[in-house]
Amino acid sequence: EKGNHRHFMAKEIHEQPEVIGHTLARYVDFAAETTRLPADLPFDWRDLKRVVISACGTAYLSGLVAKYWFERFARLPVDIDIASEFRYREMPLDADGLSIVISQSGETADTLAALRYCKAQGQTVAAIVNVPESTIARESDVIFPTLAGPEIGVASTKAFTCQLTVLAALAIAAGRARGTLSAEDERALVHGLSEVPRLAAEALRLEPQIEGLAKILAKAPDALYLGRGTSYPLALEGALKLKEISYIHAEGYAAGELKHGPIALIDETMPVIVIAPYDRIFEKTVSNMQEVAARGGRIILFTDARGADEAGEAAEVTIVLPDMPAAVTPIVYAIPIQLLAYHTAVFIGTDVDQPRNLAKSVTVE
Ligand code: M6R
């Protein structure tokens, strides 16, 4: 049931500190600050030359974040694709490689077909699923469950952040096993992860401010989301969430791609949502923001105190998140992005939990 909330989506957004905590407890040892995966995995991280990930929609976007993590922490190249393309592309796969499929429902037809293709090619298939009795879970060699609990709202929220939590733990475990992370690196990363439930709760406290932005967005015919690094998949996720529940046309772009086309769209009617925690490439994103501001675009910036300081006057509105380690920003920044889509849709009056034309589980192609 919805409890005190108006919609399942609101309830599920608010459950995130708790369900991320449950999921984490399954994959990390908080006291030792190490990851903790089953000892009998059907693959060895040290033998892998690459990892192949396929999934659909929001689950695909969690995989896209994980690509950055696997490549950085474990120096393990990741090939990732949406399952509907992957399944027909007939990508050559080495026997004994690892494929990861990601699915909340565990019943998505294209993701299941991708899994079967990988198995037929001799890959070991690991599934990150929220429904442990699902078809995808049953057909995989190993499952890494997300402990998000049932997700009813069609828009995926808590499943996404729990997928990210599991993937972060896997990437850290892979890095440790492959010797690309020291024991100290692992401790620092796991420590950062263990802070996520608290950081997520702090992010939820931004809700009144974000609700105030809904009226700006609700009037806009289109919106653009920009980010770099792991904030790039988050920009795609922000745009997907806004489209599916508010029916406002939105696009997510890597900030560096702006001048390769989309900057032509910028005028005073175009809100540009920039996701940019302060990091080593923050300056690059600021210069993209200045390009948008110079053309009259209205910028809503999600950053931290340092980023707000460095960004100067470019943004019309700045939402300041708490400071946190770079590795966990995609998990925590997902929350205000979800709230923005949610409040915009509520303001417009669409059917948030059951948007038109969509089904929770896409079991046909
Ligand atoms: O159940 P799955 O995770 O396999 O579903 C994949 C997508 O259909 C799903 O994430 C969809 O994109 C959501 N409605 C997005 O909010």
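Note: hydrogens, waters and symmetry copies are ignored here, and every other heavy atom, side chains too, is used. The model shown is predicted, which means the values in this text are computed figures rather than measured ones. Counting convention: from 1, in listed order, for ligands and their atoms alike.
- Residues satisfying the ring pair (Phe, Tyr, Trp, His ring centres under 6.0 Å) criterion with His22, sequence neighbours excluded, are absent altogether.
- Every protein residue with a heavy atom nearer than 4.0 Å to ligand 1 is included here: Cys56, Gly57, Thr58, Ala59, Ser103, Gln104, Ser105, Thr108, Val154, Ala155, Ser156, Lys241, Glu244.
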Side-chain polar contacts of residues 282-290 - donor-acceptor pairs under 3.5 angstrom, sequence neighbours left out - could you list them?
{"residue": "Ser287", "atom": "OG", "partner": "Lys284", "partner atom": "O", "Å": "3.0"}
{"residue": "Asn288", "atom": "OD1", "partner": "Arg228", "partner atom": "NE", "Å": "3.4"}
{"residue": "Asn288", "atom": "OD1", "partner": "Arg228", "partner atom": "NH2", "Å": "2.9"}

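- With Tyr247 as the aromatic partner, Arg356 meets the cation-pi criteria of under 6.0 angstrom to the ring centre and within 45 degrees of the ring axis.
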Worksheet item: Step by step, would you call Glu12 with His7 a side chain to side chain donor-acceptor pair (under 3.5 Å)?
Response: CA-CA 9 Å; Glu12 290 160 1; His7 299 101; over 6 Å; no
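- Sorted by first and then second residue, the salt bridge (charged side-chain N to carboxylate O under 4.0 Å, His left out) pairs with a member in residues 102-127 read Arg87-Asp110, Arg116-Glu139, Lys119-Asp141; sequence neighbours excluded.
- Across every non-hydrogen atom of Leu234 and Thr329, the tightest pair is CD2-O, 4.5 Å.
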